[in-house]
Amino acid sequence: MRACMPQNLSDGKEIPRQAWGKMRTSNRVEFTVRILAAAVIAVTLSACASAAPAATPAPQTTAPTATPTPTPTPVADPLDSVTSLVARPTALELRSGDGTVIASLDYMSSPAAAISALTTVFGAPPVEEPYQGTNHTPPGIYHVWDEFVLDERHYDEERRAEGRLDYIWPRLAVHLEGPSAQGIDLTSEQGFRAGDDWSSLSGDPVFDADLWTCYGTPVETLELEPADGDTRTATVVVRSGDDGTVGAVGAPEMIADGCA
């Protein structure tokens, strides 16, 4: 088996068995050391790899889906349904086509509120016509929508506070000078309108020519509270001097014995 034995090529001599054994032992030791060193390195690298914090993946952000804002449903103004203005003894009633009272403008209410409501009804502001007072009437402003007139009266509020009956001095009055204004009917509770034949009214039971007012003949009256003598207010019709027809329907007018 010599052919398998390594030889010393420098001198051609055989390597003694003992030296071969020592060489193999030395080689085994060196190999073992190398294996151990490699294992230590591997363990160290593994430990370092284990000690290193794992990279946290960046959270995926998803843009929120925009929620469409719902379009609000417009709410119809009840005043848009008004088709007629009815002059009553203490208030102007704004009614719809089926006769429902949508709003009632008391003649002692705020002129500004009444003007605002009527502007909505007519769809436009009024033409304003200021007028001067006289010995019998206060100054004021006519707010005009075609044949409908809202009469804003500027009575002395200090004297009113002394206890005078309010409806003697109304803050508002109305004059219906035609059968309609801008498509809105103008009428009394009984359906009387400007332009009606006067003779047709004079035969109506509500027509009372014996009751005196300073402006027109009553067709609807109302007793006021607290009662203090003949304290009645009325819706009146005024006769046109030109053709024997109703020239206007107006309110409020006090029943009186005469005019100062």
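Small disclaimer: the values here were computed from a predicted structure and weren't measured.
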Visitor: Out of curiosity, Tyr142 OH to Arg153 CZ, how far, rounded to the nearest 0.5 Å?
Guide: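 One gets 7.5 Å once the value is rounded to the nearest 0.5 Å.
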Visitor: Show, in sequence, the C-alpha distance, side-chain angles and deciding distance for Thr235 and Glu189, and conclude whether the side chain to side chain contact (heavy atoms under 4.5 Å, CB included) test is met.
Guide: CA-CA 9 Å; Thr235 299; Glu189 173 67 7; over 6 Å; no
Visitor: Measure from the side-chain N and O atoms of Thr233 to the backbone N and O of Pro89, and report whether any donor-acceptor pair falls under 3.5 Å.
Guide: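 Present.
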Visitor: Is it possible for you to say whether Leu92 and Val82 belong to one hydrophobic cluster, with membership spreading through side-chain heavy-atom contacts below 4.5 Å?
Guide: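 Yes: a chain of side-chain contacts under 4.5 Å links Leu92 to Val82.
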Visitor: Give the intermediate values and the outcome of side chain to side chain contact (heavy atoms under 4.5 Å, CB included) for residues Phe192 and Val206.
Guide: CA-CA 11 Å; Phe192 302 147; Val206 300; 3.8 Å; yes
Visitor: Without swapping roles, check the side chain of Thr213 against the backbone of Tyr215 for a donor-acceptor pair under 3.5 Å.
Guide: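 At least one qualifying donor-acceptor pair exists.
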Visitor: Looking at CZ of Arg171 and CE of Met108, how far apart are the two atoms once the value is rounded to the nearest 0.5 Å?
Guide: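 Output value for this atom pair is 4.0 Å.
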Visitor: With a 4.5 Å cut-off on side-chain heavy atoms, are Pro218 and Glu253 touching?
Guide: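 No - every pair of side-chain heavy atoms lies 4.5 Å or more apart.
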Visitor: For the CD atom on Glu158, are there more than 12 heavy atoms of other groups (residues, nucleotides or ligands in this structure) within a distance under 6.0 Å?
Guide: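 Counting neighbours around CD of Glu158, 12 or fewer heavy atoms of other residues, nucleotides or ligands fall under 6.0 Å, so no.
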Visitor: Any non-hydrogen side-chain atom of Leu85 less than 4.5 Å from a side-chain atom of Trp145?
Guide: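 When only atoms from C-beta onward are counted, Trp145 and Leu85 do not touch, as no gap falls below 4.5 Å.
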Visitor: Same hydrophobic cluster for Tyr131 and Val144, using side-chain heavy-atom links shorter than 4.5 Å among ILVMFWY?
Guide: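 Tyr131 and Val144: one cluster.
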Visitor: Specify the closest pair of heavy atoms between Arg232 and Leu211, including all atoms of both residues, with the distance to one decimal.
Guide: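 The pair with the smallest heavy-atom distance is NH2-CD2, 3.6 Å.
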Visitor: To the nearest 0.5 angstrom, please state how far the CG atom of Leu94 sits from the OG1 atom of Thr100.
Guide: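 Rounded to the nearest 0.5 Å, the CG-OG1 separation comes to 12.5 Å.
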Visitor: At their closest point, which heavy atom of Leu186 faces which heavy atom of Arg193, and how far apart are they?
Guide: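 So the two residues come closest at O-CG, 3.2 Å.
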Visitor: Below 3.5 Å, can you tabulate the donor-acceptor pairs from side chains in residues 119-127 to any protein atom, sequence neighbours excluded?
Guide:
| residue | atom | partner | partner atom | Å |
| --- | --- | --- | --- | --- |
| Thr119 | OG1 | Ile115 | O | 2.8 |
| Thr120 | OG1 | Ser116 | O | 3.3 |

Visitor: Determine, step by step, whether Ile141 and His154 satisfy the side chain to side chain contact (heavy atoms under 4.5 Å, CB included) criterion, reporting the C-alpha distance in whole Å, the side-chain angles of both residues, the deciding distance to 0.1 Å, and the verdict.
Guide: CA-CA 8 Å; Ile141 303 173; His154 298 165; 4.1 Å; yes
Visitor: Spell out, as yes or no, whether a donor-acceptor pair under 3.5 Å connects the side chain of Gln190 to the backbone of Val219.
Guide: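 Side chain of Gln190 to backbone of Val219, a donor-acceptor pair under 3.5 Å: yes, one is there.
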Visitor: Between CG of Leu176 and CD1 of Ile184, what distance do you get to the nearest 0.5 Å?
Guide: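 One gets 12.5 Å once the value is rounded to the nearest 0.5 Å.
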Visitor: Please test Trp169 against Met254 for side chain to side chain contact (heavy atoms under 4.5 Å, CB included), starting from the C-alpha separation and ending with a verdict.
Guide: CA-CA 10 Å; Trp169 287 0; Met254 295 298 296; over 6 Å; no
Visitor: Specify the closest pair of heavy atoms between Glu152 and Pro111, including all atoms of both residues, with the distance to one decimal.
Guide: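 Nearest pair, atom of Glu152 first, then Pro111: CD-CB, 3.6 Å.
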Visitor: Do Val249 and Leu105 land in one hydrophobic cluster if side-chain heavy atoms of ILVMFWY residues count as linked below 4.5 Å?
Guide: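 Linked within one cluster.
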Visitor: Would you say Leu79 and Leu118 are hydrophobically clustered, going by side-chain heavy atoms of ILVMFWY under 4.5 Å?
Guide: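 Yes; Leu118 is reachable from Leu79 via cluster members.
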Visitor: Taking all non-hydrogen atoms of both residues into account, name the closest pair between Ala87 and Val174 and its distance.
Guide: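 Heavy atoms of Ala87 and Val174 come nearest at CB-CG2, 4.1 Å.
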Visitor: Is there a side-chain contact between Ser188 and Val237 (heavy atoms, below 4.5 Å)?
Guide: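 Answer no - side chains too far apart.
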Visitor: Whether the side chain of Tyr107 engages the backbone of Ala91 through a donor-acceptor N/O pair (distance < 3.5 Å, no angle test) should be reported.
Guide: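 At least one qualifying donor-acceptor pair exists.
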Visitor: What pair of heavy atoms forms the shortest contact from Ala194 to Pro179, and how long is it?
Guide: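 Heavy atoms only, the tightest pair is O-CD, 3.6 Å.
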Visitor: Are side-chain heavy atoms of Ile255 and Trp212 found at a separation under 4.5 Å?
Guide: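 No, their side chains stay 4.5 Å or more apart.
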Visitor: Over all heavy atoms of both residues, which pair between Ala181 and Asp146 is shortest? Give the atoms and the distance, please.
Guide: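 Looks like CB-CB, 4.1 Å.
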